[in-house]
Amino acid sequence: MSQPHDEEGYSEYLYKILVVGDIGTGKTSIIKRFVHNIFSMHYKSTIGVDFALKVINWDPKTEVRLQLWDIAGQERFGSMTRVYYKEAVGAMITFDVTRMSTFDAVAKWKADIDSKVTYGPEDKPIPVVLLANKCDLGKDAFIKTANDMDKYVKDNGFIGWFETSAKENMNIEKAARFLVEHILKNDIRRNAPVSDTVTPGLGKPQPQQTTGPTCCK
Ligand SMILES: Nc1nc2c(ncn2[C@@H]2O[C@H](COP(=O)(O)OP(=O)(O)OP(=O)(O)O)[C@@H](O)[C@H]2O)c(=O)[nH]1
């Protein structure tokens, strides 16, 4: 999934990232904000899976391409997730801070990912970051304290968590960058290029947009 350095030491990485979580928690909105910098209150549930591509000029000699797989919340009980998760090197799990049931579902999503996709000879779990989304709806709306969340992510094998808002564009780039840093640091890669990981019946993932230089700091 990464290409070797060329003579000038330029590297390109292509990472497949899963975005999962219960229905209506904001996965599509988070991706749209991250890739296109847009937001809409209009809700159109994703069917199956959708794709987007975000290019990050990580540093002057490194380009990171994130292929974001927006997996419908309704897939939680579906059998297709094994196919969708194939070759992923990282994931984001979302919940809606105003709906406890979506937080309760986080453990199920995490277990689903851990059981279906691993990396390296030791079959390690891929890094997963937890997004407490819709935090613009107010502090009182948040169903967990920061201490609770710190403990939860530590106990449940997440690499970290962020309060996000797709509406207010809060912490989305920060969370993605945090995940990429972890992937780069641990040199998580796959042998097969992402272009080869075509899902039967879906065709090749179609990038929605390739952005220019990105400031994620
Ligand atoms: N206030 C607020 N609303 C949000 C936020 N993110 C998403 N929404 C709204 O929540 C609804 C669901 O958002 P989606 O992004 O479609 O959710 P999803 O997780 O992709 O849903 P599925 O495709 O059904 O799994 C929409 O009406 C969005 O406008 C946010 O950060 N704040």
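Throughout, numbering of the chain's residues begins at 1 and tracks the sequence. Atoms within each ligand, like the ligands themselves, are counted from 1 in listed order. Not measured: the values here are computed from a predicted model.
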| request: Run the numbers for me: atoms of ligand 1, each under 4.0 Å from some heavy atom of L137, listed by number. | output: 1 (N)
| query | To the nearest 0.1 Å, how far is atom 10 (O) of ligand 1 from its closest protein heavy atom, and which atom is that? | reply | K134 NZ, 3.0 Å
| said: Below the 3.5 angstrom mark, is there an N/O of F39, backbone or side chain, next to an N/O of ligand 1? | reply: no
| Side-chain heavy atoms of L68 within contact of K54, under 4.5 Å | yes
| Which atoms from ligand 1 have a heavy atom of D136 less than 4.0 Å away? | 1 (N), 2 (C), 30 (C), 31 (O), 32 (N)
| query | So, D123 and T118: side-chain donor and acceptor under 3.5 Å apart, yes or no? | reply | yes
| note | min-distance protein heavy atom vs atom 12 (C) of ligand 1 -> Y43 CD1, 3.5 Å
| What orientation do F103 and F95 show, parallel under 30°, tilted 30 to 60°, or perpendicular over 60°? | perpendicular
| Using heavy atoms and a threshold below 4.0 Å, how should the contact between N133 and ligand 1 be classified: side chain, backbone, both, or neither? | side chain
| query | Any side-chain heavy atom of F178 sitting closer than 4.5 Å to one from V129? | reply | yes
| K167 heavy atoms, cut-off 4.0 Å: which ligand 1 atoms fall inside? | 1 (N), 30 (C), 31 (O), 32 (N)
| query | Which of the atoms in ligand 1, numbered in the order shown and given with their element, are less than 4.0 Å from a heavy-atom of T25? | reply | 17 (O), 19 (O)
| task | Give the residue and atom name of whichever protein heavy atom lies nearest to atom 19 (O) of ligand 1, and the separation in Å to one decimal. | result | K27 NZ, 2.7 Å
| Can you find an N or O of G24 that's nearer than 3.5 Å to an N or O of ligand 1? | yes
| Among protein heavy atoms, which sits nearest to atom 23 (O) of ligand 1, and what does the distance come to when rounded to 0.1 Å? | T46 N, 2.8 Å
| Run the side-chain contact (heavy atoms from CB on, under 4.5 Å) check on F34 and N169 step by step: do they pass? | CA-CA 8 Å; F34 185 42; N169 195 12; over 6 Å; no
| query | Short N/O distance, under 3.5 Å, between Q74 and ligand 1? | reply | no
| query | What atoms of ligand 1 come closer than 4.0 angstrom to any heavy atom of S45? | reply | 22 (P), 23 (O), 24 (O)
| request: Carefully, step by step, assess D112 and K108 under the rule salt bridge (charged side-chain N to carboxylate O under 4.0 Å, His left out). | output: CA-CA 6 Å; D112 197 43; K108 297 187 182 100; over 6 Å; no
| task | Indicate yes or no: at least one non-hydrogen side-chain atom of I56 is less than 4.5 angstrom from one of R177. | result | yes
| What protein heavy atom is closest to atom 17 (O) of ligand 1, reported as residue, atom name and distance in Å? | G26 N, 3.1 Å
| said: Testing the 3.5 Å rule here: is there a donor-acceptor pair between the side chains of N186 and Y119? | reply: no
| Close side-chain approach of Y84 to E75, heavy-atom, < 4.5 Å | yes
| message | Can a side-chain donor-acceptor contact be found between T25 and D96 if the only test is distance below 3.5 angstrom? | response | no
| query | Does an N or O anywhere in T28 fall below 3.5 Å from an N or O of ligand 1? | reply | yes
| request: May I ask you to check if K110 and F158 form a cation-pi contact, with NZ or CZ under 6.0 angstrom from the six-membered ring centre and within 45° of the axis? | output: yes
| query | Purely on distance, is any nitrogen or oxygen of H42 under 3.5 Å from one on ligand 1? | reply | no
| Polar contact flag for D70 and ligand 1 (N/O pairs, less than 3.5 Å) | no
| Which one of S40, G21, S29, A166 has a non-hydrogen atom at the shortest distance from atom 15 (O) of ligand 1? | S29
| request: Considering heavy atoms of the protein only, find what lies nearest to atom 27 (O) of ligand 1 and give residue, atom and distance to 0.1 Å. | output: M41 O, 2.7 Å
| Min N/O separation G73 to ligand 1 under 3.5 Å | yes
| message | I need the L130 CG to I93 CD1 distance, nearest 0.5 Å. | response | 7.0 Å
| Does an N or O from K44, backbone or side chain, lie closer than 3.5 Å to an N or O of ligand 1? | no
| query | For I30, is at least one N or O under 3.5 Å away from an N or O on ligand 1? | reply | no
| said: Whether the N147 and T145 side chains hold a donor-acceptor pair (N or O, under 3.5 Å, no angle test) is what I'd like checked. | reply: no
